[in-house]
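All residue numbers refer to positions in the sequence shown, counting from 1.
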Amino acid sequence: MHLQITVGQATHIGSREQNEDYAGCVTPEPSLAQMKGALLAVADGVGGGEAGREAAEFTVRGVLSDYYATPDTWEVPYALDKILTAINRWLLAQANSRREFSGMATTLSALILRGSRYYTAHVGDSRIYRLRGEQMIQLTTDHVWDRPGMQHVLKRAVGLDDFLSVDYADGELMAGDVFCLLTDGVWEPLGEKVMHELLLLHRNPQRAADALVENAIKQGGQDNATVLVTRVAQLGEESLNDFLAEGKTLPLPPRMKAGDRIDDFEVLECLHESRASRLYKVRQVETQQVLVLKTLQPALADDAASCAGLLMEEWLAKRVLAHYFPQVVPLAADARSALYYVMSYHEGATLQQRLDQGQHFSVADVAQIGIRLVKGLSALHRLHVIHRDIKPANLHSGADAKLRILDLGVALNPWTEEGARGNAGTPSFIAPEMFAGAVATMQSDLYAAGVTLYHLLTRKYPYGEIEPFQHPRFGDPVPPTRYRPDIPQWLETILLKAVARDPQNRFETTEEMLLALEHGEMKPLTVLPPTPLLARNPLAVWQTLALASFLLNLILLYFLLAGGK
């Protein structure tokens, strides 16, 4: 079921010399609409000459085009904020470099209708109204000065200030809802009562838009008048929900062996088997392409959470388009009879397999692995995805000399259900704060990356091996040079910073850690001082002081009694 809307649009120059309003909308094809939604925006430009029109048109066009180029994993407010921040910088740069564009700025009111929710982004004194049944409410707040004679002076606008503050809001969408986006050239001369009556009178969005603009001019409106009206005929469903619903009806395939066939795939061998999943090397019969098929163990056929997790992993992996990750091969809904997905196959082995085979990793090897790993994490983090299970077993070293990050099965993303946001991953690679209930972050991924590099060099862990269900205590990490004296100081400093117990002492971003690895000994980091015992274990300090005080009192009491005799 897809979202269905109708849109009407109208504008009039009024008594002005030129129309500085600009409005537009995008109603994309169904598959894109399910993921990104329909977008409507109206803007009212300010500034001398052509500056106001330029600001309004550039802002609306920028939002309408750039929003659909943002990653699917970005939440709507985050995506819009990134776009508007860039547009704001561009307008300021134009105003500073071209005299005729001095003072250019614009209001903006944008509406996104997606699935069963709506989202608004607003700055300035354009407005968005919602008519539901007989009730009309204003969804935005005017950003003008509340002082006599300054009611038309904007406090906030795109291009007005270096710091752009935008109001974001969202709400539940209902079939029959009518949304009206309009500039002050309409709402000011008409008033809410007349607008309400006109929206109730004209059920067709185009007729409603025409009536609002026409009546605004008749009421003596002097300003440009622009309106966008949209009516929701049918709600849509999030494509992720559709995807999960379709996949839940598929059964798990049985255990397979070489020579077996499932749909268009012939099994060549079983590559890997864990408690929850199975990976097969397969050949697509039609194309003869060698791929990897991932599914769950047959025993999990009734485990709804595990099945949904595999579907979520496939959905997410499709959106991670970088050579640091295997690429998912898209399959039509009717092309598979069981619950699985397929991805690109690459010759090679995981780093854990290489460790198990006795491979020795040199300092240069680990430095290069670190650079590639952090670049891969950077690509993931830009999509607002946290891996949560970085370790040697999930890093594949290909015969093509490329490092690939595997297994997004427990990755955290904006669509992750609240119940799945708890602790996940392998204990020895989990950051200390997560044992206390903190949610995984980019820094916890970098912590796991640091432990991984440390382990490749030393086959040890900075805080010792941590068993499942263990509640470890963290002091200072053991310097890796204790196990490998050949590790240079600059690399040891990077590793100790990456695995610092306190997140404030770690790398904040992938870019920071990448620069440290790339510069190496040319620009070494400052060595972190050891944590004082009082900070590491205050209880032990006070217990020691109490014991010392007790012993001192005993000694003094002994001498006092001895002197009395």
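For Asp72, the side-chain hydrogen bond (donor to acceptor under 3.5 Å, both in side chains) partners two or more places apart in sequence, or in a different chain, are Arg319. Shown here are the ring-ring contact (aromatic ring centres under 6.0 Å, His included) partners of Phe325, two or more places apart in sequence or in another chain: there are none. Applying the ring-ring contact (aromatic ring centres under 6.0 Å, His included) test to Tyr22 and every residue at least two apart in sequence or in another chain returns nothing. For the side-chain contact (heavy atoms from CB on, under 4.5 Å) test, residues two or more places apart in sequence or in another chain that qualify with Pro427 are Ile466, Pro468. For Met442, the side-chain contact (heavy atoms from CB on, under 4.5 Å) partners at least two apart in sequence or on another chain are His381, Ile386. Every residue meeting the ring-ring contact (aromatic ring centres under 6.0 Å, His included) condition with Phe179, not counting sequence neighbours, appears here in chain and number order: Tyr118. With sequence neighbours excluded, no residue forms a ring-ring contact (aromatic ring centres under 6.0 Å, His included) with Tyr68. In this structure Asp260 satisfies the side-chain hydrogen bond (donor to acceptor under 3.5 Å, both in side chains) test with no other residue, sequence neighbours excluded. With sequence neighbours excluded, no residue satisfies side-chain hydrogen bond (donor to acceptor under 3.5 Å, both in side chains) with Tyr324. Applying the side-chain hydrogen bond (donor to acceptor under 3.5 Å, both in side chains) criterion to Glu492, with sequence neighbours excluded, gives Thr481.
Residue pairs meeting the side-chain hydrogen bond (donor to acceptor under 3.5 Å, both in side chains) criterion with at least one partner in residues 298-309, sequence neighbours excluded, are Asp303-Ser306. Evaluation of the side-chain hydrogen bond (donor to acceptor under 3.5 Å, both in side chains) test over residues 448-458, restricted to residues two or more places apart or in two chains, returns none.
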